[in-house]
Amino acid sequence: MDELAPGSAGEPEAPRRIGRGVFLGTVVGGLSSLWWGKAVWGPVSHALSGVEAAIPLVPTKGWRIYTVAATMPVFEPHSWRLNIGGLVEQPQALSYDELRALPQVSQVSTFHCVTGWTVNGVHWRGVRFKDLLAQAKPLPGAHALQFVSAEKPYIDYLTLEQAMLPDAMLAWEMDGKPLLQEHGAPVRVVIPDMYGYKNVKWVEEINLVPKPGNGYWELLGYDRDAWVGRSNGYYS
Ligand SMILES: Nc1nc2c(c(=O)[nH]1)N[C@H]1C(S)=C(S)[C@@H](COP(=O)(O)O)O[C@H]1N2
Ligand SMILES: [Mo]
């Protein structure tokens, strides 16, 4: 395996089996990135764990904000479209309002990054893929979804079967608020049974394809089927 881990943003982050000291050192290194903004408290409180309660007004549940590009996509509500294409009968270009007019669901689930951090009790609101794809009508040859992020070149895939899991969705709300920019505004993939790297942020395009390809982290050696606790990136 290479020495990158999903979330390291191309930095020479420690390999997966690393000592606690090395791990914390990497986390503290992240403090120098100004654009992390308030999200920087995620890693700090994580690193301090027991001390977390002593820090007032820390808006964190343990998230770390990950990107692969130098800047984060900016959501413009009026011009934004979610394009659904590829092997479909009716390609779609959904506005933000049209998307949110689809049948909505909410759920509470746990989020796992393969590098070892977890966020419990995340409230999500969004649309199940079945309802999202209903108008597009996937053709018989379509067996997978390609998710293209507005953050280039981040991309990943799910099989249709995986996308139809009862707790998978395209989410536009987290913990009762519209998705924040750093968490992928306006929409991201949520698939709690798989590691974070399958949960593509800033989704702007979904293509129906015959079979899954290799996503950003899969090209670097991680499993396509990123089942939590069972895939090759499992952090121990
Ligand atoms: N576009 C994009 N989506 C992404 C990533 C990324 O770097 N870019 N990182 C993935 C990884 S490895 C994880 S663990 C989660 C982290 O979600 P967060 O940044 O909202 O904490 O986003 C996933 N989706
Ligand atoms: Mo991750």
Side-chain angles (χ1 to χ4, degrees), residues 1-11 13-16 18 23 26-27 30 33 35-46 59-75 82 109-124 126 145-158 168-175 177-206 214-224 226-229 231-235:
M1 286 291 294
D2 58 278
E3 299 211 338
L4 294 174
S8 66
E11 290 156 25
E13 180 158 331
R16 277 170 296 299
I18 51 175
F23 189 62
T26 308
V27 166
S33 313
W35 56 263
W36 282 46
K38 64 183 189 304
V40 81
W41 289 105
V44 170
S45 59
H46 184 84
T60 187
K61 292 176 67 182
W63 291 101
R64 295 182 202 185
I65 305 305
Y66 288 153
T67 60
V68 297
T71 57
M72 287 191 256
V74 176
F75 169 44
L82 175 67
S109 48
T110 302
F111 190 95
H112 299 272
C113 172
V114 71
T115 58
W117 55 267
T118 288
V119 183
N120 292 306
V122 189
H123 291 244
W124 300 106
L145 299 175
Q146 178 196 51
F147 298 97
V148 182
S149 177
E151 188 208 23
K152 308 299 173 192
Y154 206 96
I155 203 165
D156 214 330
Y157 298 79
L158 292 176
M169 66 158 85
L170 190 74
W172 56 76
E173 234 181 73
M174 180 203 275
D175 294 334
K177 287 174 300 183
L179 210 55
L180 295 175
Q181 180 190 31
E182 59 266 36
H183 287 299
V187 290
R188 78 180 296 164
V189 175
V190 170
I191 179 159
D193 300 294
M194 291 198 178
Y195 284 118
Y197 64 92
K198 304 297 285 192
N199 295 238
V200 180
K201 303 194 287 183
W202 304 293
V203 174
E204 63 173 10
E205 193 179 319
I206 300 176
N214 283 323
Y216 182 89
W217 283 107
E218 289 128 52
L219 288 168
L220 295 167
Y222 284 83
D223 281 349
R224 274 187 199 163
W227 302 114
V228 171
S231 57
N232 71 347
Y234 181 52
Y235 184 92

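Whatever order the structure lists them in is the order used to number ligands and atoms, beginning at 1. FYI, the numbering just counts along the sequence from 1.
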Checking contacts here: is it the side chain or the backbone of [X] that comes within 4.0 Å of ligand 1, counting heavy atoms only? Could be both or neither.
X      : answer
Glu151 : side chain
Trp117 : side chain
Asn199 : backbone

Thinking salt bridges, do Glu204 and Lys152 make one under a 4.0 Å N-O criterion?
yes
How close does the nearest protein non-hydrogen atom get to [atom], and which residue and atom is it?
atom                    : result
atom 23 (C) of ligand 1 : Gly196 O, 3.2 Å
atom 19 (O) of ligand 1 : Lys201 NZ, 2.4 Å
atom 17 (O) of ligand 1 : Arg188 NH2, 3.1 Å
atom 10 (C) of ligand 1 : Tyr154 OH, 3.4 Å

[X] heavy atoms, cut-off 4.0 Å: which ligand 1 atoms fall inside?
X      : result
Ile65  : 19 (O)
Val68  : 7 (O)
Cys113 : 14 (S)
Thr67  : 7 (O)
Arg64  : 18 (P), 19 (O), 21 (O)

Return yes if some donor-acceptor pair links the side-chain N/O of Asp223 with the main-chain N/O of Ser231 below 3.5 Å, else return no.
no
Does Gly221 offer a backbone N or O that forms a donor-acceptor pair with the side chain of Asn232 under 3.5 Å?
yes
Full working for side chain to side chain contact (heavy atoms under 4.5 Å, CB included) between Ile206 and Leu82
CA-CA 8 Å; Ile206 300 176; Leu82 175 67; 4.2 Å; yes
Measuring from non-hydrogen atoms of Tyr216 to any atom of ligand 1, is the shortest distance under 4.0 Å?
no
Answer yes or no for Phe111: is there a heavy-atom contact with ligand 1 below 4.0 Å?
yes
Please work out which of the three classes, parallel, tilted or perpendicular, describes the rings of Tyr216 and Tyr154, given edges at 30° and 60°.
parallel
For atom 9 (N) of ligand 1, which candidate among Tyr195, Tyr66, Trp63 provides the closest heavy atom?
Tyr66
Between Pro6, Ala150, Ala69, Gly184, which one has a non-hydrogen atom sitting closest to atom 12 (S) of ligand 1?
Pro6
For a quick check under 3.5 Å, do Arg224 and Asn214 share a side-chain donor-acceptor pair by atom type?
yes
Hey, is ligand 1 close enough to [X] that some N/O pair sits below 3.5 Å?
X      : result
Ser149 : yes
Tyr197 : no
Trp202 : no

Please step through side chain to side chain contact (heavy atoms under 4.5 Å, CB included) for the pair His183 and Arg188, ending with a clear verdict.
CA-CA 8 Å; His183 287 299; Arg188 78 180 296 164; 4.0 Å; yes
Decide if the gap between the ring center of Tyr195 and the ring center of Trp227 is smaller than 6.0 angstrom.
no
Phe147 ring center near Tyr157 ring center (under 6.0 Å):
no
Heavy-atom closest contact (Gly196 atom, Phe111 atom, distance):
CA-CZ, 3.6 Å
Lys201 and Val189: side chain to side chain contact (heavy atoms under 4.5 Å, CB included), yes or no, with the steps?
CA-CA 7 Å; Lys201 303 194 287 183; Val189 175; over 6 Å; no
CA sep, side-chain torsions, deciding dist, call: Lys198, Leu158, side chain to side chain contact (heavy atoms under 4.5 Å, CB included):
CA-CA 8 Å; Lys198 304 297 285 192; Leu158 292 176; 3.8 Å; yes
